[in-house]
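Structure first, then comments.
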2 protein chains.
Amino acid sequence: MARPKRTPTAGSRERVFAAAAAEFAAKGYAGANMDRIARAARLNKAMIYYHFKNKAALYRAILRDMFGAVRTEVAAVAASGLEPGEKIRRYVEGIARAAEARPHFPPIWLRELAEGGEHVDAATLEYVRDVLTALGGIVNEGRRRGVFQPVNPMMLQAGIIAPLMFFLATARLRQKIERAGPSPLAVSRDTIVAHIQRLTLAQLEGRIS
Amino acid sequence: MARPKRTPTAGSRERVFAAAAAEFAAKGYAGANMDRIARAARLNKAMIYYHFKNKAALYRAILRDMFGAVRTEVAAVAASGLEPGEKIRRYVEGIARAAEARPHFPPIWLRELAEGGEHVDAATLEYVRDVLTALGGIVNEGRRRGVFQPVNPMMLQAGIIAPLMFFLATARLRQKIERAGPSPLAVSRDTIVAHIQRLTLAQLEGRIS
DNA sequence: GTCTATAAATAGATAGAC
DNA sequence: GTCTATCTATTTATAGAC
């Protein structure tokens, strides 16, 4: 990430990055194989180590790109002059957009949750906290204006990203379940985002308990 | 997992099972190491292969135990004579209980979601479908009685397990984030379960959109 | 049932030519 | 920048003794 495109390099760094993201998403950190990454990038292992110090550094670069993108989306929403309810809607939409621009995003995030952020370095952790802080700011703004109830930002965030990652990551699995027997459960991307937006606002507007 | 306890075996199979569950939870399928599993079980690798055909079979046994437990909990709820709203509450509670009885459950489930059920065999898939079918049955019962709105069971299920696994799996990570800076976000187990119960019922009772 | 020893394959990482 | 060749460590799995 961040570097002039197609100069002498002919984009080999970008190819490594993309191939690695797909590999880490499919196999997890420990299960990812440097040789497979090289082949998928139409290069060889040595080229990976030319661009990245080692496996861990390569993975960290991918994590940083993911959470950096989320932070960027969210920061734009927080800085906008929109009313709090609309900010919440765009907050959800922004996370969905950052995730959809990166097919590896939902699987990697789910795996990272599973291992308690094992590979999350300080810089990435900062991004994560910024996102949570921005959400907290929107909630506080809504409270001051009397349109939101007090809600724990962590609960809210869990209610947003958990179902979102679930849906985006399981498109394939859901098809597998459907094929195995009768359970018509296809749900479109827009339906999901709209649903999560409504669910989040219902909490903030005190329509839940 | 099904088998007479402490006969000649002195529970070595159970020790392998437990150690493997912890290892798969921490490292994922590909990252799990048979030698580490053996050491954690205070045995050697050969004993793993005495009890289980290979790594894949060992993992499958753990998956089956997990989803079998969920199915058992859920089936009891569905068969009870309780009113639909209470069934939904106990459905959520039952899944939480099955997960809490197995510390490896949330991480493994999240990872399995991440890779689209790569290691889910036909028998386990059957359990998963049974759980979803049971939920659909409760929803239909509520609709017939006029207390529930029509809701896609997959959406409902996602809204339950995704946040639940998120919270149960990230207790450690959330602490890490808190330590790194100010964001008071500790949430208790009961708060989470109650929250998810209310959220689910709010959807079914049409209080969302 | 439980162990040691080891086969056979695969992994991450680097040296050095071009 | 890109490659081949290779070192070294690790890993799944099995053979065979007790």
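Labels below follow one simple rule: chain letters A, B, ... track the order of the sequence lines, proteins then strands, and each chain is numbered from 1.
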Taking all non-hydrogen atoms of both residues into account, name the closest pair between [X] and [Y] and its distance.
{"X": "B/P106", "Y": "B/A99", "answer": "CD-O, 4.2 Å"}
{"X": "A/A40", "Y": "A/A19", "answer": "CB-CB, 3.8 Å"}
{"X": "A/F52", "Y": "A/R13", "answer": "CE2-NH2, 3.5 Å"}
{"X": "B/D65", "Y": "B/R102", "answer": "OD2-NE, 3.0 Å"}
{"X": "A/F166", "Y": "B/A162", "answer": "CB-CB, 3.9 Å"}
{"X": "B/A96", "Y": "B/V193", "answer": "CB-CG2, 4.0 Å"}

State, without any angle test, whether B/Q157 and B/Y91 hold a side-chain donor-acceptor pair at a distance under 3.5 Å.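 Present: a donor and an acceptor within the cut-off.
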Salt bridge check, [Y] against [X]: does any charged N sit closer than 4.0 Å to a carboxylate O?
{"X": "A/E126", "Y": "A/R71", "value": "no"}
{"X": "A/R97", "Y": "A/E100", "value": "no"}
{"X": "B/R90", "Y": "B/E73", "value": "no"}

Give each protein N/O atom lying under 3.5 Å from an N/O atom of nucleotides 15-18 of chain D, with the pair distance.
none

For DNA chain D, report each stem as range with range, ordered by first number, or say none. Use Watson-Crick or G-U wobble pairs under 3.5 Å, at least 3 in a row.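 Looking at DNA chain D, the stems formed by three or more consecutive pairs are C:1-10 with D:9-18, C:12-18 with D:1-7.
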Given atom [atom1] of [X] and atom [atom2] of [N], what is their separation to the nearest angstrom?
{"X": "B/Y59", "N": "D/dT12", "atom1": "OH", "atom2": "C1'", "value": "18 Å"}
{"X": "B/M47", "N": "D/dT12", "atom1": "CE", "atom2": "C1'", "value": "17 Å"}
{"X": "B/R13", "N": "C/dT2", "atom1": "CZ", "atom2": "P", "value": "13 Å"}
{"X": "B/N44", "N": "D/dT11", "atom1": "CG", "atom2": "C1'", "value": "16 Å"}

Margin query: Go through it in stages, so that I can follow the logic: the residues are B/H104 and B/E23, the test is side chain to side chain contact (heavy atoms under 4.5 Å, CB included), and I'd like the CA-CA distance, side-chain angles, deciding distance and then a yes or no.
Written below: CA-CA 9 Å; B/H104 57 278; B/E23 174 75 4; over 6 Å; no
What nitrogen or oxygen pairs link the protein and nucleotides 9-13 of chain C at under 3.5 Å?
unit_1 : atom_1 : unit_2 : atom_2 : d
C/dA11 : OP1    : A/N33  : ND2    : 2.5
C/dA11 : OP2    : A/N33  : ND2    : 2.9
C/dA11 : O5'    : A/N33  : ND2    : 2.8
C/dG12 : OP1    : A/A32  : O      : 2.8
C/dG12 : OP1    : A/K55  : NZ     : 3.0
C/dG12 : OP2    : A/M34  : N      : 2.8
C/dG12 : N7     : A/K45  : NZ     : 3.1
C/dG12 : O6     : A/K45  : NZ     : 3.4
C/dA13 : OP2    : A/Y49  : OH     : 2.9
C/dA13 : OP2    : A/K55  : N      : 3.1
C/dA13 : N6     : A/K45  : NZ     : 2.8

- Task: Compare the minimum distances between each of D/dG1, D/dC3, C/dT2 and the side chain of B/H51, then state the nucleotide with the smallest one.
- Result: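 Side chain of B/H51 sits closest to C/dT2.
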